[in-house]
Amino acid sequence: MINELPRVRFAPSPTGYLHVGGLRTALYNYLFAKNNNGTFVLRIEDTDRNRYVEGAVENLISALNWAGLQYDEGPEIGGDYGPYMQSERLDIYKKYADELIDTGKAYYCFCTPERLKALREEQEKQKLPQAKYDKHCAHLSNEEIQKNLSSGIPKVIRLNVESDNTIQFDDIIRGHVEFESNNVDDQVLIKSDGYPTYHLANVVDDHLMKITHVIRGEEWLSSTPKHVLLYDAFNWERPVFAHLPLLLNPDRSKLSKRQGDVAVEDYRDKGYLKEALINFVALLGWNAGDDKEFYYLDELINNFSLERVNKSGAVFDLQKLNWLNAEHLRKKTDSELLEMLKTEIQKSKFKDQNYSDKFLLLIINSMKERVSFIKEFIDTCTYFYEAPTEYEQKAIEKNWKTDTPNQLLKLKEEFAALSNPTKEDFENSLTKISEQLNVGKGKLIHPLRLALSGQSTGPGMFDLLFILGKDEVITRIDTALNRISSC
RNA sequence: GGCGCGUUCGUCUAGUGGCUUAGGACACCGCCCUCUCAAGGCGGGGAUCACGGGUUCGAAUCCCGUACGCGCUACCA
């Protein structure tokens with residue numbers, strides 16, 4: 001393995017969507033591969049026919065692509081290449097399972113589900129320290145085996161685990177780990193439907209695909225001794241293992257659907273930037289040892305190392321994700337934001353309006369520091385797109401005084417006299433009126449903002465005036481004068 | 001129950017025996033800036049480093065127990 005370029009894989013089962021925990025596993029694999037000029041393989045572990053979900057694979061790949069984690073190789077499909085599909089490799093697993101039978105490392109088992117269930121119940125009743133298969137079929141004579149085989153009784157193939165052994169392996173993240181073979185069950189390798197279980201398919205594929213580093217979730221740590229046993233039984237070199245800490249709910253249980261969104265597509269649909277999600281998820285269990293928090297994918301690639309991955313689980317905290325989203329959004333160029341805003345508008349009630357780029361760019365620049373999500377360029381400031389339909393009651397109480405109508409009238413007249421006013425023209429006019437009336441600019445600005453936007457918060461006053469334009473400003477002042485004063 | 005893994009501010013984390021009165025980030029609070037809200041700047045509260053024993057001149061850091069949490073314990077992955 002010296003000087004060999006690493007080969008890693010992301011091996012999800014097609015459950016319907018890409019879990020954010022899966023995204024992080026995929027990301028760490030990807031980062032490790034790219035950091036070492038290695039290869040990132042995608043393999044779909046679809047060996048459970050009962051769990052097949054229509055469209056799940058396409059969904060998985062599109063989520064991975066959206067996140068920017070392209071896989072590097074796979075079997076040819078036309079000119080393209082797809083992921084490896086375990087369901088298309090059944091004969092391979094069969095061949096290796098047979099090899100294990102021949103060498104006595106595995107055996108046929110004809111036990112019925114009923115007997116297995118009874119066995120488990122009995123073991124539980126006797127309060128045996130660990131429940132496992134009793135090797136009943138390992139002791140069958142050759143004649144019995146042949147008889148059962150030829151009469152077509154349903155069968156599985158089980159791994160023959162020797163007792164009284166210590167199984168050891170090293171994990172980059174966990175260090176040295178040991179298990180007693182007495183605690184390892186005679187795992188089913190090939191199911192009665194002819195499909196392999198995860199354990200066999202996983203080991204065979206990782207070997208055949210020359211995977212050098214198995215980087216996966218911590219939930220696999222307990223079954224790693226089974227995998228180690230299989231490598232040894234085949235006399236294959238073991239890969240390096242790295243078991244990643246889990247992602248957790250706020251109550252520290254394993255991140256689940258019940259307590260929030262877990263699918264990558266949920267976050268995408270809610271308007272999270274892929275840069276933010278990737279950045280966030282990368283930091284859940286890894287850091288470079290400095291204070292840097294803001295990363296782009298290529299920076300992550302350059303800085304990543306498995307040695308710096310943490311051991312303990314990390315709570316998936318939306319607040320930090322939201323902050324990162326805002327940070328990434330602000331780093332976007334105006335033209336990137338413009339394109340995003342345009343597609344967002346297509347999803348909004350303003351889709352039939354034909355806004356000029358210039359107009360949208362003005363909105364973007366006035367709101368950039370005030371939003372965390374693209375959609376907020378629309379729904380926190382709808383007043384740019386349409387006149388306010390109502391006025392914030394609290395703001396009325398606070399800012400709409402008895403002399404307000406008169407002041408706004410004065411402002412309106414002043415504005416009306418301008419032709420093609422710039423932002424500065426508006427500012428000069430307002431300054432002039434404030435001096436004339438001998439009131440602070442703030443006294444004019446607050447009610448004016450309310451009249452124009454219906455709100456008490458928003459971008460700079462003169463930006464708002466300029467973006468709306470003289471005619472719209474005048475119309476809105478009139479409307480507000482009528483509606484608020486009559487309240 | 002058994003086996004395994006883990007445990008530093010609310011959350012993500014720095015820390016690998018003395019540089020630590022435990023540092024940073026998010027969140028929270030205050031001040032500054034200011035036409036509001038943000039952004040930005042400055043500051044604040046917040047972790048007896050799960051607990052108890054050792055080892056050591058000295059431990060968040062090493063060792064041993066305990067507790068708690070989580071994972072696995074399927075012909076699921």
Side-chain angles (χ1 to χ4, degrees), chain A residues 11-15 45-48 50-51 109 111-113 116-117 120 123-124 127-132 154-158 171 173-175 177-180 182-185 187-199 201-202 216-225 243 245-246 248 250-254 280 283-294 310-324 326 330 367-372 380 395 398-399 427 430 434 440-446 448-450 453 455-462 464:
Chain A
S13 60
T15 54
E45 311 242 329
D46 56 346
T47 57
D48 184 356
N50 302 320
R51 283 226 271 180
C109 172
C111 290
T112 62
L116 261 19
K117 189 169 172 240
R120 262 195 295 274
Q123 289 180 144
E124 188 161 335
K127 294 221 186 305
L128 249 53
Q130 71 272 341
K132 33 178 242 185
K155 61 171 193 302
V156 302
I157 295 177
R158 284 183 185 274
D171 184 292
I173 296 163
R174 315 277 149 190
V177 185
E178 290 188 3
F179 288 81
E180 293 306 317
N182 293 354
N183 290 319
V184 178
D185 205 356
Q187 186 62 48
V188 169
L189 266 18
I190 300 278
K191 299 180 260 185
S192 58
D193 63 3
Y195 278 66
T197 58
Y198 171 86
H199 307 287
N202 185 261
R216 79 231 295 194
E218 193 189 353
E219 69 267 30
W220 294 109
L221 190 60
S222 310
S223 34
T224 304
H243 287 93
L246 261 20
L248 311 173
D251 69 359
R252 304 204 75 84
S253 56
K254 190 175 166 184
F280 175 61
L283 258 22
L284 250 28
W286 171 88
N287 70 81
D290 52 26
D291 292 338
K292 190 171 162 65
E293 305 262 4
F294 184 91
N310 295 137
K311 294 175 168 67
S312 54
V315 173
F316 196 89
D317 173 32
L318 266 341
Q319 284 185 318
K320 193 146 189 177
L321 209 209
N322 290 342
W323 170 71
L324 277 171
R330 281 182 208 115
M367 293 299 291
K368 209 172 177 173
E369 301 297 317
R370 288 162 239 266
V371 302
S372 299
T380 68
K398 195 172 168 214
N399 296 315
E427 180 161 9
L430 191 133
S434 88
K441 283 193 207 173
K443 287 272 181 291
L444 299 178
I445 285 174
H446 293 302
L448 182 57
R449 177 186 300 285
L450 179 61
S453 71
Q455 298 181 193
S456 59
T457 65
M461 191 65 241
F462 308 111
L464 180 58

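Residue numbering restarts at 1 for every chain, and letters A, B, ... go by the order of the sequence lines.
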For a quick check of understanding: with a heavy-atom distance under 4.0 Å over all strands, which category does A:Val315 fall into, base, sugar-phosphate or nothing? sugar-phosphate
Partner nucleotide of B:rG58 by Watson-Crick or wobble geometry (both distances under 3.5 Å): none
Does B:rG71 pair with anything, Watson-Crick or G-U wobble, both distances under 3.5 Å, and if so, with which nucleotide? B:rC3
May I ask you to say what A:Thr15 touches in the nucleic acid, namely base, sugar-phosphate or nothing, with a heavy-atom cut-off under 4.0 Å? nothing
Span that lies between the C1' atom of B:rA27 and that of B:rG44, in whole angstrom: 14 Å
Would you mind pulling out the nucleotide paired to B:rU16, Watson-Crick or G-U wobble, both distances under 3.5 Å? none
Could you tell me how far B:rG58 sits from B:rA14 if I compare only their P atoms? Round to whole Å. 28 Å
Reckon A:Thr457 touches a base, only the sugar-phosphate, or nothing at all at heavy-atom distances under 4.0 Å? base
With rounding to the closest Å, how many angstrom separate the C1' atoms on B:rU55 and B:rU8? 22 Å
Quick one, A:Leu444 and A:Leu430 - any side-chain contact, counting heavy atoms below 4.5 Å? yes
Indicate, with a heavy-atom threshold strictly under 4.0 Å, whether A:Lys254 touches base, sugar-phosphate, or nothing. sugar-phosphate
Heavy atoms under 4.0 Å, any strand shown: does A:Glu45 hit a base, just sugar-phosphate, or nothing? sugar-phosphate
Decide yes or no for A:Arg174 and A:Lys311: does some side-chain heavy atom of the first lie under 4.5 Å from some side-chain heavy atom of the second? yes
Between A:Lys127 and A:Glu219, just flag the one whose closest nucleotide in RNA chain B comes earlier from the 5' side. A:Lys127
Could you identify the nucleotide paired to B:rA25, looking across every strand shown and requiring Watson-Crick or G-U wobble geometry with both distances under 3.5 Å? B:rU11
Taking atom types as modelled, find out whether A:Asn310 and A:Ser312 have a side-chain donor-acceptor pair closer than 3.5 angstrom. no
Expressed in whole Å, how much space separates the P atoms belonging to B:rG45 and B:rA39? 22 Å
Would you classify A:Pro113 as touching base, sugar-phosphate or nothing, given that sugar-phosphate means primed atoms plus P, OP1 and OP2, and contacts are heavy atoms under 4.0 Å? base
Need one value for A:Arg174: base, sugar-phosphate or nothing, where a base atom within 4.0 Å counts as base even if backbone is also close, heavy atoms only. sugar-phosphate
Result for 5'-nearest mapping on RNA chain B, choosing between A:Ser456 and A:Asn183, is A:Asn183
For residues 314-321 of chain A, please give each side-chain donor-acceptor pair under 3.5 Å, one per line with the distance, not counting sequence neighbours.
| from | atom 1 | to | atom 2 | distance (Å) |
| --- | --- | --- | --- | --- |
| A:Asp317 | OD1 | A:Gln319 | N | 3.4 |
| A:Lys320 | NZ | A:Glu293 | OE1 | 3.2 |

Taking B:rC68 as the reference, what is the distance to B:rU56 when you measure between their C1' atoms (whole Å, please)? 29 Å
Rounding to an integer number of angstrom, what distance separates B:rC12 and B:rG46 when you compare their C1' atoms? 15 Å
Just checking A:Ser312: base, sugar-phosphate only, or nothing, at a heavy-atom cut-off of under 4.0 Å? sugar-phosphate
Quick one: label A:Pro459 by what it contacts on the DNA or RNA (base, sugar-phosphate, nothing), any heavy atom closer than 4.0 Å. base
Look through every strand shown and name the nucleotide pairing with B:rG30 as Watson-Crick or G-U wobble, where both distances are under 3.5 Å. B:rC42
Is the backbone N or O of A:His446 less than 3.5 Å from a side-chain atom of A:Lys398, with the two atoms forming a donor-acceptor pair by type? no
Heavy atoms under 4.0 Å, any strand shown: does A:Asn50 hit a base, just sugar-phosphate, or nothing? nothing
Partner of B:rC49 by Watson-Crick or G-U wobble geometry, both contacts under 3.5 Å, or none? none
For the residue pair A:Asp46 and A:Tyr195, establish whether any side-chain heavy-atom pair is separated by less than 4.5 Å. no
pair A:Pro459-A:Arg449: side-chain heavy atoms closer than 4.5 Å: yes
Verify the neighbour count for atom NZ of A:Lys443: are there more than 12 heavy atoms of other residues, nucleotides or ligands below 6.0 Å? no
Does any N or O in the side chain of A:Asp185 come within less than 3.5 Å of the main-chain N or O of A:Gln187, such that one atom is a donor and the other an acceptor? no
Would you mind classifying the nucleic acid contact of A:Phe179 as base, sugar-phosphate or nothing, using non-hydrogen atoms under 4.0 angstrom? sugar-phosphate
With a non-hydrogen cut-off below 4.0 angstrom, is A:Gly460 in contact with a base, only sugar-phosphate, or nothing? base
Taking the P atom in each of B:rG15 and B:rC9, what is the distance between them to the nearest angstrom? 16 Å
Within the structure shown, what part of the strands sits under 4.0 Å from A:Arg51 by heavy-atom distance: base, sugar-phosphate, or nothing? base
Mind checking if A:Glu178 touches a base, just sugar-phosphate, or nothing, with heavy atoms under 4.0 Å? sugar-phosphate
First-last contacting nucleotides on RNA chain B - partner chain A, under 4.0 angstrom, heavy atom: B:rG1 to B:rA77
Distance, P atom - from B:rG52 to B:rU61, rounded to whole angstrom: 13 Å
